[in-house]
Amino acid sequence: MDIVKPARVRFAPSPTGHLHLGGARTALYDYLLAKKTGGQFVLRIEDTDQKRLVPGSEAEIMHGLRWLGIPYDEGPDIGGRYGPYRQSERRDIYAEYTRRLIDSGHAYYCFCTPDRLERVRQDQQKQKISPHYDGTCRRLDVDEARRRVINGERHVVRFKTPKEGTTTCYDLLRGKIHVENQNIDDYILVKSDGLPVYHLAATVDDHEMEITHVIRGSEWLPTFPLHTLITRALGWEELQYVHLSVFLKPSGKGKMSKREAADLMKDGYSIFIKDMELLGYLPEAVVNWIALMGWSYDDHTEFFTMPDLVDKFSLDRLNPSPAAINFTKFDYFNAVHIRNLDIDELARRLLPYFESAGVAVSFDKLRQIVPIIRERITTLDEAPEMTAYLFKDTVDPDPEALIPKGMTSRQASEIIQHSLGIFEEMDRINLETAEPIIRELGEKLGFTASQTFWVLRVAITGQKVSPPLFESMEILGKESSILRLRKALQKLDEV
């Protein structure tokens, strides 16, 4: 399956909703194949189903691809020599190829009304026959059909599928696929509004745009033979097709669908790219995660950057088996990629989340904070809450929380009193100057380091769990740290 020539690939979403994991994975594999071979990655918007268009969806798709680090070489907003890149703007092109199919006897006009088609469908169901078009207009005289069209009679155009023999098409991932022609319906190619359906438009566009490889979801496998027949009817060279594996629910039971999105959001997860950005996930982690849902480099390598993927990607390592969506793995990848960012870059990425949380923080202050939270956050949106104590004038710890298990309030007070005496004599509080002395203090007083640090941590942060104690005190500064310890001492005196 090695590819020598530059590949021209296309991602062709319908702007009928949010960009989701399946679409992002398809776009990623397209991009990787194009970059691996020195080819081009094309964005084409398949908007012929005008009734289902969602305002803003096209812009969201473009933003999502750029956020993920999957830029396209040609597309609606940047142009290219094969445009237009919106199918709604290519109507004349489709009309020409429709005429060719009709003239060559590979397609025909159909005047059947929706009421008639519904009656046929119901009769077939009663007879326990798979619903299909019964071929009434297939038998019409071509000249008569053209006269009816000229007279303005409402119609569609259907493909005249051969009723004998077998159609064999080839998928790079699944091999040869054989289908008896009698089992392929006379699918509609052009709707009554004059716009083509996906089957015709995608086939025409792939040829016109000189696409070499089509990577798409396995939901298109049932109509793959139709696309092959259209290609052959027009006398074109057949493309290389890859139909990717389906995504299963996290349980592994059943195909993942957009309907589950609301339930996932309750747990802080989503299958939509726009939500992942809001939830604090890194685009690098999304790319790493989805790359491995249907592809692998070997049986042990998991961490990949985009340059790694471009270097190592190949179609022959794709897997057709369904892939369960594992959000625990996603969290793992996100944490690993967070740690892979340098201090300045992580601070830059965190800044919008602090702003969104209403926390006024400078970039320099964030640079101080990053080292104490980089190993502790899984998503970027956790940072403001985790470090909220650093942006308050004071904290109000629960007196009971100040007393670790196995200690009394008097003993906790003793730790704070002695610590205050030490800190007040210091020019600057940090890990190197404070940690050894406070550890030694605890030992002298007969307490473990865990007990000693617990008391001080709750006093300084107001939290039982927080980023490192002495690093936090360094960021707060000596004066603020001492004020918090004195307040905690007052709290303990009230117990």
Side-chain angles (χ1 to χ4, degrees), residues 10 12 14 44 46-50 82 84-114 117 132-170 177 179-212 214 216 220-241:
R10 49 69 164 182
S14 297
R44 186 174 74 218
E46 303 201 337
D47 60 348
T48 57
D49 192 348
Q50 297 285 298
Y82 296 90
Y85 293 93
R86 291 186 187 90
Q87 288 187 334
S88 60
E89 299 170 4
R90 299 172 62 83
R91 185 190 293 251
D92 291 344
I93 298 172
Y94 307 131
E96 171 59 28
Y97 286 111
T98 301
R99 282 193 291 271
R100 289 192 196 182
L101 289 170
I102 293 172
D103 290 345
S104 63
H106 290 99
Y108 59 93
Y109 298 109
C110 175
F111 304 91
C112 294
T113 65
L117 293 175
H132 62 279
Y133 181 61
D134 64 355
T136 296
C137 293
R138 180 186 175 107
R139 297 182 285 273
L140 284 176
D141 176 76
V142 176
D143 291 334
E144 178 192 344
R146 285 198 173 104
R147 282 195 297 271
R148 293 172 68 175
V149 169
I150 292 171
N151 289 334
E153 190 170 343
R154 191 175 180 85
H155 65 279
V156 299
V157 176
R158 291 182 182 272
F159 188 73
K160 187 179 282 188
T161 305
K163 293 307 174 186
E164 297 179 353
T166 302
T167 294
T168 299
C169 37
Y170 185 78
I177 298 172
V179 180
E180 296 294 325
N181 289 335
Q182 63 182 357
N183 295 324
I184 305 174
D185 202 358
D186 280 9
Y187 286 93
I188 293 174
L189 298 182
V190 180
K191 298 173 292 183
S192 58
D193 62 3
L195 284 172
V197 298
Y198 171 86
H199 310 304
L200 176 63
T203 306
V204 168
D205 288 344
D206 289 340
H207 172 76
E208 286 277 314
M209 295 181 181
E210 298 186 11
I211 300 301
T212 61
V214 174
R216 60 187 183 186
W220 295 110
L221 277 171
T223 50
F224 184 24
L226 170 65
H227 303 161
T228 300
L229 287 170
I230 294 172
T231 299
R232 292 172 184 172
L234 289 166
W236 295 336
E237 181 180 350
E238 293 179 37
L239 311 182
Q240 302 290 302
Y241 283 86

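Each residue takes its place number in the sequence, starting with 1.
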Below 4.0 angstrom, N of the basic side chain to O of the carboxylate: do Arg44 and Glu46 qualify? yes
Would you call Arg90 and Arg86 a side-chain contact if the rule is heavy atoms closer than 4.5 Å? no
Do Asp186 and Tyr108 have side-chain N/O donor and acceptor atoms under 3.5 Å apart? yes
Side chains of Asp205 and Tyr94: do they bring a donor and an acceptor to under 3.5 Å? yes
Of all heavy-atom pairs between Pro225 and Pro222, which one has the smallest distance, and what is that distance? CD-O, 3.6 Å
Residue set satisfying ring pair (Phe, Tyr, Trp, His ring centres under 6.0 Å) with His207, at least two apart, ordered chain then number -> Trp236
Those residues at least two apart in sequence (or on a different chain) that pass side-chain contact (heavy atoms from CB on, under 4.5 Å) with Gln182 are Glu180
Do Asn181 and Glu164 have a side chain donor and acceptor closer than 3.5 Å? no
Does the pair Arg146 and Glu144 meet the rule for a salt bridge (charged side-chain N to carboxylate O under 4.0 Å, His left out), with working shown? CA-CA 5 Å; Arg146 285 198 173 104; Glu144 178 192 344; over 6 Å; no
Set of side-chain contact (heavy atoms from CB on, under 4.5 Å) partners for Val197, sequence neighbours left out: Ile188, Lys191, His199
Distance-only side-chain donor-acceptor flag, Tyr82 / Glu208, under 3.5 Å: no
As a quick check of understanding, evaluate salt bridge (charged side-chain N to carboxylate O under 4.0 Å, His left out) for Glu238 and Arg232, giving each step before the final call. CA-CA 8 Å; Glu238 293 179 37; Arg232 292 172 184 172; 2.6 Å; yes
Under 6.0 Å between the ring centres of Tyr241 and Tyr170? no
Ring of Phe111, cation from Arg148 - is the NZ or CZ under 6.0 Å from the centre and inside 45° of the axis? yes
